[in-house]
Structure formats: C-alpha cells, structure tokens
Amino acid sequence: MKTFQYKVTDEVGIHARPAGLLVKEAKGFDSKVTISCNGKSADATKLMAIMSLGVKCGNEVTVTVEGDNEEEVAAQMEKFFQENL
Amino acid sequence: METYSGKSIFQGIAIGRILFYEKQQAEVKRHTIEDVKAEMERYEKAKETAIAQLRKLYEKACKEVGEVNAAVFEVHEMMLEDEDYNDSIRNMIEQQQVNAEYAVAMTGDNFSNMFAEMEDEYFSARAADIKDISDRVVSVLCGNGGDINDLEEPIILVAEDLAPSETVQMDKEKLLAFVTEQGSTNSHTAILARTMNIPALIGVKIQKEWNGKMAVVDGFTGILYVEPTPAVLDEMQGKQKRLLEERELLLELKGKEDITKDGRKIKLYANIGNVSDVAGVLKNDAAGIGLFRSEFLYLEKDHFPTEEEQFFAYKTVAERMAGKKVIIRTLDIGADKQVDYFHLEKEENPAMGYRAIRICLSQTDIFKTQLRALLRAAKYGNIAIMYPMIISVAEVKKIKEIVAEVKAELEQEGVPYGEVEQGIMIETPAAAVMSDELAKEVDFFSIGTNDLTQYTLAIDRQNAKLDSFYDAHHPAILRLIQTVIDNGHAHNCWVGICGELGADTTLTETFIKMGIDELSVSPGFVLPIRKIIRQTESGK
C-alpha cells in the first residue's frame with residue numbers, strides 16, 4: 001500500500017470535470033485507488049462517490065493505492081493531482 | 001405499408017422520418033415486472049441510447065460553444081456510467097422486481113438528494129445534473145423519440161397534441177409536417193403549420209411504434225403513409241415536384257404590385273410570430289407585417305421579458321422591414337396560450353376569461369413595459385401598435401391614457417421614441433357592433449376572424465368535435481365584416497383582416513368587393529393572394 005497527501009488548490013475543489021478525468025485515469029490502472037477526505041473515502045473509479053466527498057479548495061486529501069505496481073500508479077496519481085487539482 | 005387518414009390543415013407533401021413526441025409524464029408509476037432479465041435489458045438499451053444522445057450533444061456543443069462549455073455533456077455521460085448509480089438501478093429491478101422507469105427515477109431521486117444536502121453550493125447544485133440524466137433515461141424508456149428542440153435531421157412530428165409553449169422553441173427548419181391526434185383546424189398547431197407552409201394532419205390515431213419509420217404526409221388527401229411502398233413513394237415524390245413547380249410559377253409575381261384590375265391598391269401584409277419569421281415575409285415579398293404576435297416573447301421565456309429584451313426584438317423586426325409597416329399586437333396571453341410565470345388562475349371558460357388586453361389593463365406594469373419597448377423601437381422603423389380583445393370605447397380611451405403616460409415618462413427621462421399608428425383588433429361581436437364609435441378613436445381596424453367566428457357562432461375553436469358545425473363562411477361573419485368596413489371608412493379608419501379567413505382564397509374576391517383595405521396572411525399565402533388580387537375587379 002502506498003499513500004500520499006495532496007492539498008487541493010482548484011478553486012471549486014474536486015468538481016465534476018476533474019473528477020471525471022480522475023475516474024478515467026483511475027480506471028486505466030490495475031491497482032485500487034482510494035481517495036479520502038473529511039473522514040470519508042471513495043473508490044477513485046466511482047464518479048458520484050468522489051463528488052459526494054465534497055472536496056473543496058484547501059482540503060487535504062489522502063490518496064491510497066493498493067496493487068501490484070502501486071509505486072508507479074501512486075506517482076502517476078500524484079502527477080495527475082498536481083496538474084488538474 | 002400502412003395508411004391512416006386525418007383532416008388536412010395545409011396542402012402539401014412531406015416525405016421523411018417520423019419523430020414520435022410524447023409529453024414527459026409528471027410522475028413515474030411503479031409496477032411489478034415478471035421478466036427481470038428483459039427489464040434489465042430494457043434499462044441497458046435505454047442507457048445506451050441516452051449515452052448516444054449525450055455524445056451527439058457533446059459534439060454539437062463542441063462545435064457551437066467550445067470544448068469547455070460542452071464538458072457538461074461529457075460529465076453527464078460519465079455519471080450515467082457510474083458504478084454505484086447503475087448498481088442501485090440494477091438492484092432495484094432485480095430485488096424489488098420493479099419497472100426500469102421506476103428504478104431509474106428512484107435512484108435518481110436518492111442520488112440527487114444526497115448531493116442536494118451537501119453544504120457547498122457547487123456540489124449541491126449537481127443534484128440537478130443527476131435529475132437531468134435520470135430524466136433522460138426515463139424519457140427514452142417511455143418511448144420518446146427525442147428532443148424536439150434539438151433535431152438532427154428534418155422529421156415528421158407525430159404527437160397527441162402540441163401546446164404553443166412546446167412548439168415555440170422548435171427548430172422550424174427541421175419540421176416537414178405535423179401529425180396530431182387532437183387539435184382542431186383552428187388550433188395553434190394548425191396556425192403554426194399554415195405559417196410555416198407545411199402539411200399537417202389532425203385527428204389521426206397515432207402510434208408510438210411509428211417512431212423512426214419513414215412516412216409520407218399527403219396534405220391534399222389527408223392521408224398518412226407509414227413505411228410507404230416504393231410505388232407510393234415514387235408517386236408522392238412526383239406530386240411534391242409538381243407542387244414545387246407551381247410555387248416556382250408564383251414567384252414570378254414577386255415584385256409586382258398588389259393592385260386590382262381596375263386599379264385599387266390592396267395592402268397585402270404577412271402575419272408573423274417570431275423575429276426569425278421576417279425572413280419568410282421578405283422571401284414572399286409581402287408589403288409589410290400586418291400582425292406580429294408579440295406573445296412569443298412571453299411564451300419562450302420563464303420570466304417577464306424585460307423592456308430591453310422586447311425593445312431589441314421589435315427594433316430588429318422594424319429595421320429588417322426597412323420602413324415597411326410593422327403592426328405589432330400587444331400581448332395576447334390567456335385562454336389557450338398559458339405562461340406559468342403569469343400565475344393565471346385556472347378558469348372554467350378561459351376563451352372568455354382573463355386574457356389579452358384585460359391582463360394589460362389590470363396589470364398595467366406589464367403593459368407599460370411593452371408600450372415603452374414598442375414606442376422606443378418605433379424610432380427605428382414604421383411600427384404600428386394593435387390592441388387585442390377590445391369590447392368597448394372605454395377600454396380604448398383607457399389605453400390611450402396609458403400610452404400618453406408612457407410617452408410623458410419617456411419624454412421626462414429624455415429617452416427617444418417614435419410616433420405610431422394605433423389600431424384595434426375586431427375580434428369580439430361587441431367591437432364589430434360598436435365599430436362606428438370605435439372608428440373615431442383609432443387609425444385602423446384589423447379583423448381577427450378566428451376569435452370573431454368563435455364568439456359569434458359560440459363555437460369553441462379548440463374543440464375538434466365542433467368542426468362540422470363551424471362554418472367559416474357563415475353569413476353572420478360576412479355581415480359583421482361588412483359593417484366593420486363601412487363604419488371604419490365612414491370615419492377615416494382603414495380596415496384589414498388578419499385572421500385565417502384573410503388567407504381563404506375563395507373569399508379574396510368577396511373581401512375586395514366589400515371594400516377591404518388590407519389583408520394580412522401567413523407568408524406562404526402572400527403570392528397566391530396576390531395572384532387573385534391582380535385578377536379581380538374591385539368594382540369600387
């Protein structure tokens with residue numbers, strides 16, 4: 001299991017469009033990616049679940065990756081967050 | 001091939017695919033299903049259709065408004081594919097054995113409530129997106145062929161009935177014909193078909209299964225052919241071609257004067273219901289606009305149109321008509337034209353109820369906004385104002401007082417405005433009978449034959465059952481028209497007809513001999529009427 005923290009800087013938070021992109025990205029991996037924030041967690045392949053976390057600008061999210069190539073996936077996820085959120 | 005017959009509203013031939021339009025049901029009903037597997041497939045298929053619709057919308061929006069603004073459709077597609085959302089629907093179908101519509105509606109409600117409860121404004125607003133995608137799937141499940149406001153290819157629209165509020169936003173370029181089960185020859189669908197010059201049939205027993213099928217509407221015989229044989233298709237294409245050739249011949253009349261053989265000039269104007277209809281007016285070479293129904297401004301909005309919105313619409317029409325007369329009728333809402341935000345009470349007898357000028361004289365703020373816009377727009381062209389549903393001289397005097405107030409206000413504010421001719425619709429028997437007195441107050445009369453006939457004959461024009469009793473040529477109507485013409489002329493007030501009767505080619509000669517000054521007809525009738533005018537001796 002590999003985890004990293006990320007502080008969301010997008011003005012609206014994890015809103016529909018980046019959440020959609022995130023789902024697309026996460027669906028491409030073999031590893032299971034979980035996003036946690038404000039005491040709730042959501043599978044990164046589930047759009048509505050991610051949006052229902054209600055992640056706002058300034059919130060810190062914890063991203064957990066579990067799977068065979070978790071190192072690599074975690075690195076890619078981190079890059080995704082930096083670029084999109 | 002199957003054939004069905006109905007009553008024809010407008011002669012013409014249409015060949016194309018059918019789009020079956022059904023009003024969205026307010027409430028989705030729950031019922032138990034037997035075959036879970038089949039219901040599951042129904043859902044999957046509907047979801048695929050909904051996704052296909054969203055992809056098309058996305059592509060269209062990308063081209064028209066750019067990728068960023070189109071993203072909403074992409075998000076909707078992803079929401080529809082969301083695992084939790086789909087699991088919830090599938091579980092409900094499987095475990096509770098409910099119909100797919102119900103499962104989708106319930107799941108949609110649950111998910112949208114979850115979002116609605118979120119504190120952040122952005123996230124709580126997403127409840128609407130979920131409602132939207134669920135409605136889309138339910139709509140597909142209910143057998144709706146598609147969105148009539150977003151048509152891809154030209155279609156023959158089949159529906160139980162169509163309300164003015166539903167037809168107002170339709171992309172009219174894509175409509176080949178109407179086929180409805182309800183409606184009468186004088187209903188709004190009928191008037192719309194005539195304005196657009198497209199064949200329309202009413203009283204046809206319609207079927208949902210027709211959706212997507214090829215069909216031919218023959219507006220001459222009143223027959224609808226569903227999945228026509230090659231022979232019928234061939235015959236109809238021939239008929240359509242001959243019709244086009246006839247219309248071509250009429251085009252030779254463009255640019256010619258509307259003058260009788262013995263030299264009397266007739267004002268031949270056109271009726272319009274929208275700014276975009278001006279194109280048809282110019283194409284058909286009408287000398288002006290005899291009736292611009294301003295209702296569209298109110299029907300296509302969800303709030304009272306502002307003075308600026310109205311001013312822009314009136315100014316645009318006046319400018320495009322470049323100095324030709326544009327007669328704008330003040331709002332004629334009520335009766336069969338309902339707008340939610342007016343909050344009109346339900347009436348037992350709306351045709352005789354709170355409508356048109358009665359609303360304007362009671363809620364003068366609405367009226368004044370429209371008058372300000374009209375007077376300001378009059379600076380940019382030859383605008384005349386016409387008031388509907390008048391029954392007394394007192395009403396006209398009251399209107400003139402309000403117009404004077406509005407002018408004084410504009411003057412005080414230093415806002416420029418133009419002078420206008422003012423006239424009234426003669427559409428109540430009271431106005432026709434009192435036309436001698438009314439003529440002293442106004443510049444012109446325009447006879448609205450549809451309402452005048454319905455009130456004089458006491459026949460509800462929305463009731464198809466009464467079509468056999470409805471005699472458009474009833475001598476009582478013709479006598480009233482003669483009275484109005486004579487009274488108008490006695491007081492220097494010109495008289496026209498803007499109702500459907502004005503376009504009745506069998507009466508054109510009669511009207512001219514009666515002394516009519518103006519005929520205002522749907523744009524497509526301008527040239528056929530011009531042809532008759534030019535062959536007629538007025539005898540005056």
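Excluded from the calculations below are hydrogen atoms, water molecules and symmetry mates; all remaining heavy atoms, backbone and side chain alike, are included.
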More than 12 heavy atoms from other groups under 6.0 Å of NZ on B:K47 | yes
Would you name the heavy atoms of B:M114 and A:S52 that are closest together and state the gap between them?
-> CE-CB, 3.6 Å
Nearest heavy-atom contact between A:K46 and B:D82 is C-OD1, 3.4 Å
Sort B:M78 into side chain, backbone, both or neither according to what part of it lies under 4.5 angstrom from a heavy atom of chain A.
-> both
Less than 4.5 Å apart, any side-chain heavy atom of A:M48 and any of B:D84?
-> no
Please say whether more than 12 non-hydrogen atoms of neighbouring residues, nucleotides or ligands are located less than 6.0 Å from NZ in B:K131.
-> no
Mark yes when over 12 heavy atoms from residues, nucleotides or ligands other than B:E34 sit less than 6.0 Å from its CD; otherwise mark no.
-> no
What do you reckon, is CG of B:D340 surrounded by more than 12 foreign heavy atoms closer than 6.0 Å?
-> no
Which answer fits B:M79, side chain, backbone, both or neither, if we ask what part of it has an atom under 4.5 Å from a heavy atom of chain A?
-> both
Short N-O contact, A:K24 and B:E74, less than 4.0 angstrom | yes
Which portion of A:I14 sits near chain B, non-hydrogen atoms under 4.5 angstrom | backbone
Is it true that atom OH of A:Y6 has more than 12 heavy atoms of other residues, nucleotides or ligands lying nearer than 6.0 Å?
-> yes
Minimum heavy-atom distance A:L47-B:V75, with the two atoms named | CD2-O, 4.1 Å
Atom OG1 of A:T45 and atom CD of B:E81: how far apart are they, to the nearest 0.5 Å?
-> 12.5 Å
